Amino acid sequence: MDSFEWTKIAGAGLGSLLMALLLSWLADVTFAVAEPEQPGFEIALLESGDDDASSASEAADEIASIGSRLAVADIAAGEKVFKKCVACHTVDNGGANKVGPNLWGVVGRTKATKDGFKYSAVLQDIGGEWTFEDLDHFLTKPKAFAKGTTMAFAGLKKPDDRAALIGWLNAQSDAPLAIPAE
Ligand code: HEC
């Protein structure tokens, strides 16, 4: 190899080095252009996250409706989930009220009406029947659904656990309700 060829090789090496530099500079430029979009996006997130109601509705958007979850729920698994409730509730027909009221037939029952149980005014004031939807909301976070309720239970975070439990509770009744449409 003569020195001319070495010069060509060195030249080629230098060329690719320049190319690499150029590419990395281009990448920087592209990145720098993309960057300003980031703060705007974060602010949008903060604004919507600020408000409890809107973040709750965002969460609700992601979770399938109780009707569609019930349609595929493992109802038998609901009995296991109910273990979290037995410290305070019986569910058998004619069972006693404990810390909380007996829950036989609670799905479809008018809220706060189990004979012989002293409910909080909060739960009495909500009124209406325990629909699948209301139970789903209540059991997600009792204190959020009924602010001031005496039910000292944090809530069931898993949507599928709630569906299984509510489906199973519905069957613990003289007159189980029809599962709502999806
Ligand atoms: C630490 C005790 C405790 C635990 C645990 C508990 N509850 Fe309760 N529950 C209560 C009390 C007390 C009330 C009455 C609340 C009120 O009057 O505000 C209640 C009320 C209810 C009601 C309303 C009943 C009605 O007649 O209107 C439902 C439904 C219910 N609980 C379901 C459950 C389920 C399901 C679980 C388990 C996932 C559970 N609870 C866990 C204490 C408890």
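Computed from a predicted model, the values in this text were never measured in an experiment. Atoms within each ligand, like the ligands themselves, are counted from 1 in listed order.
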Atom 12 (C) of ligand 1 sits nearest the protein heavy atom Val99 O, 3.2 Å
Value for NZ (Lys143) from CE (Met151), rounded to nearest 0.5 Å, stands at 8.5 Å
Under 4.0 Å from one or more heavy atoms of Lys111, ligand 1 contributes atoms 27 (O)
Rounded to the nearest 0.5 Å, the OG1 atom of Thr110 sits from the CH2 atom of Trp130 at a distance of 11.5 Å
Rounded to the nearest 0.5 angstrom, the CD1-CG distance for Ile166 and Asp134 is 10.0 Å
The closest protein heavy-atom partner of atom 26 (O) of ligand 1 is Tyr119 OH, 2.5 Å
Taking only non-hydrogen atoms of Ser120 and a 4.0 Å limit, the atoms of ligand 1 in range are 16 (C), 17 (O), 18 (O)
In terms of heavy-atom contacts, Pro101 and His89 come closest through O-ND1, 2.7 Å
A student checking ligand 1 against Thr150 at a 4.0 Å heavy-atom cut-off should list atoms 12 (C), 14 (C), 15 (C), 16 (C), 17 (O), 18 (O)
Separation between CD1 (Ile66) and CZ (Arg162), nearest 0.5 Å, reads 7.5 Å
For atom 37 (C) of ligand 1, the closest protein heavy atom turns out to be Cys85 SG, 1.8 Å
Within 4.0 Å of some non-hydrogen atom of Leu139, the atoms of ligand 1 are 32 (C), 33 (C), 34 (C), 35 (C)
Here the pair of heavy atoms bringing Arg109 nearest to Trp104 is NH1-O, 3.1 Å
At under 4.0 Å between heavy atoms, what of Arg109 touches ligand 1? The answer is side chain
Ligand 1 to Thr149, heavy atom cutoff 4.0 Å, flagged ligand atoms 15 (C), 16 (C), 18 (O)
Is there a polar contact between ligand 1 and Lys118, counting only N or O atoms under 3.5 Å apart? no
Correct closest heavy-atom pair for Arg69 and Ala64 would be NE-O, 2.8 Å
In this structure, CG of Asp136 is separated from CG of Leu70 (nearest 0.5 Å) by 8.0 Å
Quick look: Phe153 vs ligand 1, heavy-atom contacts under 4.0 Å, and the answer is side chain
**Request:** Could you tell me whether ligand 1 has any atom less than 4.0 Å away from a heavy atom of Pro101?
**Result:** yes
In this structure, NZ of Lys80 is separated from CG of Asp74 (nearest 0.5 Å) by 7.5 Å
Under 4.0 Å between heavy atoms, the region of Leu103 that gets near ligand 1 turns out to be side chain
Residue, atom and distance of the protein heavy atom nearest atom 8 (Fe) of ligand 1 read His89 NE2, 1.9 Å
message = Please determine whether residues Phe117 and Phe138 belong to a single hydrophobic cluster, defined as Ile, Leu, Val, Met, Phe, Trp and Tyr linked transitively by side-chain heavy-atom distances below 4.5 Å.
response = yes
Atoms of ligand 1 under 4.0 Å from any heavy atom of Phe138, numbered from 1 in the order shown, are 21 (C), 22 (C), 28 (C), 30 (C), 31 (N)
Closest non-hydrogen atoms of Gly155 and Pro142, given as atom of the first, atom of the second and distance, are CA-CD, 3.8 Å
Per-atom filter on ligand 1: closer than 4.0 angstrom to a heavy atom of Phe117 are 14 (C)
What one should report as the nearest heavy-atom pair of Phe153 and Lys84 is CE1-O, 3.9 Å
Please say whether Trp130 places an N or O atom under 3.5 Å from an N or O atom belonging to ligand 1. yes
Practice problem: Check if Leu165 has a non-hydrogen atom at a distance under 4.0 Å from any atom of ligand 1. | Solution: yes
Quiz item: Of the backbone and side-chain N, O or S atoms of Cys88, does one lie nearer to atom 8 (Fe) of ligand 1 than 2.8 Å?
Solution: no
For Leu135, the ligand 1 atoms with a heavy-atom partner under 4.0 Å come out as 29 (C)
Worksheet item: Side chains of Ser68 and Ser65: is there a donor and an acceptor less than 3.5 Å apart?
Response: yes
Contact between ligand 1 and Ala87 is defined here as a heavy atom of the residue under 4.0 Å from a ligand atom; is it met?
no
